[in-house]
Trainee: 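Take this structure first; my questions come after.
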Amino acid sequence: MSVSYRAVQWNRAKKGYDGWVVGVAVAWVLGFVAVGAATFDISPIILALRAFGTGALALLVVILSIGPLARFTPRMAPFLYNRRHLGVVMFLMALGHAALSTLWYHGFGVLDPLTSILQSGVPFEGFASLPFQPLGLAALVILFAMAATSHDFWLRNLSARTWKALHQMVYVAFALIVAHVAFGVLQSDVWPGYAWILIAVVAWVAALHIAAGVRAFRADRRARALAADGWVQVGEVDEIEEGRAKSVLVADQRTVAVFRHAGGFSAISGVCAHQGGPLAEGRIVDGCVTCPWHGYQYLVDCGQSPPPFFERIPTYELRIEGRTLFVSPQAKPPGTAIPPCRPPEARP
Amino acid sequence: MPSPALIEFLVESAVLYAVLGMVFGVAFAWRGAAAIDPVARRATLGFRVLVVPGAALLWPMLAARWWRAVTAEAGAPEVPGDRTDIWSPASERLRARALALWLALVPVIAAAIVVALSVRRPAAGTSPDADRLPAVLPHGSVSTDAPAPRGAGGVR
C-alpha cells in the first residue's frame, strides 16, 4: 500500500495476472509473425509492426471494456485488480508499433523521422490523403503520459482529481487510434470486413461507456434528491451477510458502505481513497474492509488503514429502529472511530 | 495545415523539452521525489527508475513544486494520509465528464469513419505497399522499384 514506494507491489495474484498478460502479448506477436510469414510474402518487420498495432488496439478495447462491465457485474471486478499493468503492456505494444513504423517509413529519408511524420500530408490535398500517422503519434503521447504516471506516487502527488482527468484522456486516445486506422490501413486495398470490425469495436466500447455513464448519472441524481438532513434507510438488518456490505446513497452524492461484522454494523465511505474503488463490493478480511479493486484495507469501525499504512476514509453513524437500519447523511472526518451499532439481541 | 517551418520549430522544441526533462527526471528521482513526498524517502531503486519518465514529462510543474518544498518554512509535521484526496466529492463530476466526453466523441468518431470510408479509393497493386522496401532510401535517393512516396511521409 503506501508505507513506502517500490517499483511494483507484486503479490502472487498480481504476478499471475501479469504473467498471463505478458504471455498472451508475446504469443500474439510471435504467432502473428509466424503465421503471416508462412502465408504471405511480407517482410517480417511489416508483420511485426502490424502484430504490435493490432495487439495494442485489442488490449485497449479490453481495457476500456473492463471498467463499465465491472459496474454492471461484480464478476468483472477481478479484472480491474491489475488493470494498470494491462495498460502499461498495451502502451509498450503501441510503442513497438510506432518504433517499427517510424523506422520503416520514415527512417531512411532526408528529414528526421519526427519531422517526416508531422509533414506527411502537407500540403493538405483532401481527406483521402489525410495524414493518419500524426493521429497515431498524438494517441501515443497520451498513452505515454498515462503509462508514465501510472504509479501510485503520481496518483498521490498529482491529486486524485488531476490524475483521473489525465487518465480519462484514454477516451481521446481511443478516438485518435480509430481515426488512425480508418485513414490509414483502411485506405489500402484490404478486406472490407476490417471496416466492419472497426465499426463493431467502436459501437461496443461506446455503448458500454454510455450505458454505464447513464446508469451512474441516474444514481447520482437519486442521491441528490435525498434530503440533506434526514437519516437514510439502509434496509433490514438481516439483508446484510456477515462480512459483507450494502451500498447506500446519501446526500452530497456520497456512497456509504454499511458492513456487518462480528454481530454489529459499521458504516464507512463506499469509495476507496486509493482509486475510488467500490468498497461495498469488497468484504471483511482479518477485521478489515478490503477493496475489491486493489486490496487496500480499512478498519471497519474507524475507516483507518491498519498500521503502518495511513489512508483514511470518512465514517458514518448508524441507528437501528426495530429491525431497520438507518445511516446518518453527515460524514464524520476520515478516521473517526464509531462503535459498531448492534441490534437489540446482540447487545450485552 | 501547419507550415514546414512551424513543424520544424515544434519538433525542435519538443526535443529540447524532452532532453531537459530527462536531465531533470534523473535529479528528481534521486532527490526531488523525497522532497515533495515523505513516503519516497525510503523508496527503492526500482521506484526511482520508474518515476523518471513521468518526471521528464511533467518537469516544469514538478520543478516548481520541488522549489516550493525546499523553500517552504517548516510547519506542522505533514501526515501523508491527509493528502490523499477523498474521491466522493469529485467522483460525480468525473463520471459526468466521462459521459459527456463519450457523447461528444461518438459523433466525431462516427464522422471520421464515414469520411474515411467514403474517400477510400484503393488502387489495385498499390497495397499493401508497405510490404515492399522503403520508398526513400538513405541520402534521399529514391528506389526505382517502389511506389512513389505520398507526401513527405513516404508510402502509406
Side-chain angles (χ1 to χ4, degrees), chain A residues 2 4-7 42-43 46 104-106 108-111 114-124 127-129 133 145 148-149 151 153-154 157 159-161 164 168 171 175 178-179 182-183 186-189 195 202 206 209-210 213 216-217 220 253-254 269 271 273 276 310-312, chain B residues 1 4 7-8 11 33 36-37 39-40 42-44 46-47 50-51 53-54 57 79-81 83-88 90-92 94-99 101-102 105-106 108-109 112-113 115-117 119-122 124 127-128 130-131 134 136-138 140 150-156:
Chain A
S2 53
S4 67
Y5 292 125
R6 287 182 289 164
I42 299 178
S43 159
I46 296 295
W104 190 250
Y105 297 119
H106 300 274
F108 304 100
V110 291
L111 295 173
L114 195 53
T115 304
S116 177
I117 289 173
L118 293 175
Q119 286 197 1
S120 59
V122 177
F124 182 63
F127 284 108
S129 60
Q133 289 151 326
T149 58
H151 196 279
F153 171 81
W154 299 110
N157 288 285
S159 86
R161 192 176 305 176
K164 191 68 181 176
Q168 281 182 334
Y171 307 145
V178 169
F183 287 101
L186 289 190
Q187 297 300 311
S188 305
D189 187 17
V202 169
H209 279 268
I210 289 174
F217 178 78
D220 289 336
Q253 306 94 53
R254 290 176 181 270
S269 167
V271 182
F310 38 66
E311 279 76 15
R312 294 184 298 197
Chain B
M1 280 301 202
I7 289 173
E8 200 168 329
V11 169
I36 69 166
D37 186 345
V39 182
R42 287 170 290 166
T44 62
F47 163 78
L50 215 58
V51 86
L57 178 72
V79 180
R83 294 173 58 192
T84 303
D85 285 18
I86 302 303
W87 284 82
S88 290
S91 59
E92 186 193 1
L94 288 168
R95 285 193 294 271
R97 187 165 60 201
L99 178 59
L101 203 51
W102 274 108
L105 281 175
V106 164
V108 174
I109 296 174
I113 292 175
V115 170
L117 295 181
V119 298
R120 182 172 177 265
R121 286 196 303 262
S127 180
D131 304 341
V136 183
L137 298 175
R150 297 171 63 175
V155 296
R156 190 180 288 272

Trainee: Taking every non-hydrogen pair under 4.5 Å, which of B:V115, B:V108, B:L117 racks up the most with chain A?
Mentor: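 Top count of heavy-atom pairs under 4.5 Å with chain A: B:V115.
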
Trainee: Working to the nearest 0.5 Å, report the span between CD of B:E8 and CG of A:L111.
Mentor: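 Rounded to the nearest 0.5 Å, the CD-CG separation comes to 8.5 Å.
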
Trainee: With rounding to the nearest 0.5 Å, note down the distance linking CD in A:Q168 to CZ in B:R95.
Mentor: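 Output value for this atom pair is 11.0 Å.
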
Trainee: Say whether, by atom type as modelled, one donor and one acceptor occur between the side chain of A:R6 and the main chain of B:F47 under 3.5 angstrom.
Mentor: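 Absent.
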
Trainee: Closest approach of A:N157 and B:I36, non-hydrogen atoms and distance?
Mentor: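 Smallest interatomic distance, heavy atoms only, reads OD1-O, 3.9 Å.
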
Trainee: Closest heavy-atom contact between A:A179 and B:A112?
Mentor: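 A:A179 and B:A112 have their closest heavy atoms at CB-CB, 4.4 Å.
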
Trainee: Is there a donor-acceptor pair closer than 3.5 Å between any side-chain N or O of A:Q119 and the backbone N or O of B:I7?
Mentor: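 A pair under 3.5 Å: no.
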
Trainee: Starting from the C-alpha separation in whole Å, work towards a yes-or-no answer on side chain to side chain contact (heavy atoms under 4.5 Å, CB included) for B:L99 and A:H209.
Mentor: CA-CA 7 Å; B:L99 178 59; A:H209 279 268; over 6 Å; no

Trainee: Quick one: do A:Y5 and B:T44 satisfy side chain to side chain contact (heavy atoms under 4.5 Å, CB included)? Show the steps, please.
Mentor: CA-CA 7 Å; A:Y5 292 125; B:T44 62; over 6 Å; no

Trainee: Taking side chain as C-beta onward, heavy atoms only, is B:V39 less than 4.5 Å from A:F153?
Mentor: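 No. Closest side-chain heavy atoms not under 4.5 Å.
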
Trainee: Applying side-chain contact (heavy atoms from CB on, under 4.5 Å), can you list everything that pairs with B:L105, at least two apart in sequence or on another chain?
Mentor: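 Only A:Y171, A:A175, B:L101, B:I109 meet the side-chain contact (heavy atoms from CB on, under 4.5 Å) criterion with B:L105.
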
Trainee: Quick one: side-chain contact (heavy atoms from CB on, under 4.5 Å) partners of B:L57, sequence neighbours excluded?
Mentor: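 For B:L57 the side-chain contact (heavy atoms from CB on, under 4.5 Å) partners, ignoring immediate neighbours, are A:F144, A:A145.
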
